Protein chains: 2
Amino acid sequence: MTGARTAAGSRGRIDKRQAILEGAFRVFARQGYAQACVQEIADEAGVAKPTVYNHLTDKVTLFRHALEAVAQTALNERLAALEPLHEPGEDLRATLEEVGHGLLRLHCDDRSCALRRLLYSEINRFPDALDIVRQSGPHRLNEALADRFARLMLAGRLQAGDPAQAAEQFMALLIGPLEARSEMGTRQIDDAELRQVAIAAVRTFLLAFSEQRADGG
Amino acid sequence: MTGARTAAGSRGRIDKRQAILEGAFRVFARQGYAQACVQEIADEAGVAKPTVYNHLTDKVTLFRHALEAVAQTALNERLAALEPLHEPGEDLRATLEEVGHGLLRLHCDDRSCALRRLLYSEINRFPDALDIVRQSGPHRLNEALADRFARLMLAGRLQAGDPAQAAEQFMALLIGPLEARSEMGTRQIDDAELRQVAIAAVRTFLLAFSEQRADGG
DNA sequence: GACGATCTGAACTCACGGGTTCAAGTTAGT
DNA sequence: ACTAACTTGAACCCGTGAGTTCAGATCGTC
């Protein structure tokens, strides 16, 4: 039975900590904070229980660190998905659809769904988890998106107006329909459906926010 | 110490059950399922622990019934908020704004937020809670809203198209911006801000879905 | 090959909470 | 007043899980 840990332990005792954090997030995501037991986290990480306590003092500490790591990653991925908007091609619609589709794919990612569920469920017991959200959550993403839209407005490719509101509503048109359809992240949504939602969102968005009334569809 | 229960017990032993369910929801909302202890629920309901088990066999039964009751109420309230759309006045924009504002108020209600958080957090442990969502959740509301929009399209007051999608996006434009701003239902949002979000949502919606391009604002 | 640091498994303590039982009290209906 | 149904508080059983301890294994290093 001791050979079972070789998979994780063979590469020395470096970054056991990393393995623990990853395992912790997976277990917390499955079970929620209260029902997740440290032993199971240890097993998931291929590590003994005392080792967990050796690296991270508490169950709460464990929780916070695991959450923070995943939230940080999630934000970076999203910001990266905005990349095409830095050099929007001739076809703005296509660029928006690409970005929208990318954001939706990230939004429906298993880790993202799990993170959202975790935040929602434990926000009462960990009010300071809000800080994690504020720092790496939709806030920062919205600002970045608003920046892009401001440029587009200035360039006359979008109707001039409040870029923050445009960003807010763009995200809403993307995410909103998903929220209902995915049944709280339970059901996996295939890529084709994501693309359709993105296309529909962009169509509505451009109808409202572009100068000329294009009816591509 | 026995006098403490008179507040709840003075009106006889009728609807102790009701009190238990309400107390249960409040406690579950605060603590989540796992962390909520039955004793606390009993206290909250002004009732003894055995009484709780007398009315509702299990902790799980308790949970399900509490959830179901609140979800049912929430749905009914939302459907009622659509009422103005059955007799839309001359000013469609005003009607939509009224309905939107009403929906947002309900959405930000303490009970609604708590219900959403609960569903999100316990959806893993109670997969059948999805049925509650399906029956009394956004699904039914969306259909009702789509019905209204279909009528409006037929009457030529909205651009003809897919009413279901219109409903989906209308809701998204309303709820989406709120989700980010309310910090997962933690922060209370004042009525004026709700109204502004509703107005902005309706403006974008009408820009995309109405025949003539009106620019009221 | 010896040393120090770390990891491991297993057993342990301890608190908490679900669910039950029971004797005593309360209320409604007759 | 008497009964039946219900409620109450308190104690109880029992499983579970956080956090600790410890003896022994394992590894890096010299």
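Side chains included, hydrogens not; waters and symmetry mates left out as well; all remaining heavy atoms used. Chain naming here is simple, since letters A, B, ... match the order of the sequence lines and numbering starts at 1 in each. In this text the structure is predicted, and so the values were computed from the model without any measurement.
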Euclidean distance, atom [atom1] of residue [X] to atom [atom2] of [N] [Å, nearest integer]:
| X | N | atom1 | atom2 | value |
| --- | --- | --- | --- | --- |
| A:Asp43 | C:dT8 | CG | P | 11 Å |
| A:Arg17 | C:dA5 | CZ | C1' | 18 Å |
| A:Glu40 | C:dG9 | CD | P | 16 Å |
| B:Leu56 | C:dT20 | CG | P | 13 Å |
| A:Lys16 | C:dT6 | NZ | C1' | 9 Å |

Task: Partners meeting side chain to side chain donor-acceptor pair (under 3.5 Å) with B:Tyr33 (sequence neighbours left out) - done: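 None.
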TODO: Please name all residues satisfying side chain to side chain donor-acceptor pair (under 3.5 Å) with A:Glu83, sequence neighbours left out, ordered by chain then number.
DONE: none
- [ ] Using a strict 4.0 Å threshold on nitrogen-to-oxygen distance, state whether A:Arg195 and A:Glu97 make a salt bridge.
- [x] no
Think [X] has a side-chain N or O under 4.0 angstrom from the OP1 or OP2 of [N]?
| X | N | result |
| --- | --- | --- |
| A:Asn54 | C:dT6 | no |
| B:Thr51 | D:dT8 | yes |
| B:His55 | D:dT7 | yes |

Side-chain donor-acceptor contacts of residues 67-79 of chain B below 3.5 Å, not counting sequence neighbours, with atom names and distances?
unit_1  : atom_1 : unit_2   : atom_2 : d
B:Thr73 : OG1    : B:Ala69  : O      : 3.0
B:Asn76 : ND2    : B:Gln72  : O      : 3.4
B:Arg78 : NH2    : B:Ser112 : OG     : 3.1

Task: B/S/- contact track for nucleotides 18-24 of chain D, protein heavy atom under 4.0 Å - done: SBBB---
Task: Five-pair end axes of the helix from C:dG1-D:dC30 to C:dT30-D:dA1, angle between them (10°) - done: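 If I round to tens, the end axes sit 20° apart.
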Open item on the list: Going by the rule salt bridge (Lys or Arg N to Asp or Glu O under 4.0 Å), which residues pair with B:Asp162 if we only count those two or more places apart in sequence or in a different chain?
Closed with: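 None.
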TODO: Using salt bridge (Lys or Arg N to Asp or Glu O under 4.0 Å) as the criterion, list what pairs up with B:Arg64, not counting sequence neighbours.
DONE: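 Here the qualifying residues are B:Asp128.
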Open item on the list: Any non-hydrogen side-chain atom of A:Phe209 less than 4.5 Å from a side-chain atom of B:Thr204?
Closed with: yes
Open item on the list: Applying ring-ring contact (aromatic ring centres under 6.0 Å, His included) as the test, list every pair that has at least one member in residues 168-196 of chain B; sequence neighbours left out.
Closed with: B:Phe149-B:Phe170, B:Phe170-B:Phe205
TODO: For residues 29-45 of chain B, pull every pair meeting salt bridge (Lys or Arg N to Asp or Glu O under 4.0 Å), keeping only residues two or more places apart or in separate chains.
DONE: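 Those involving residues 29-45 of chain B are B:Arg26-B:Glu44, B:Arg30-B:Glu40, B:Arg30-B:Glu44.
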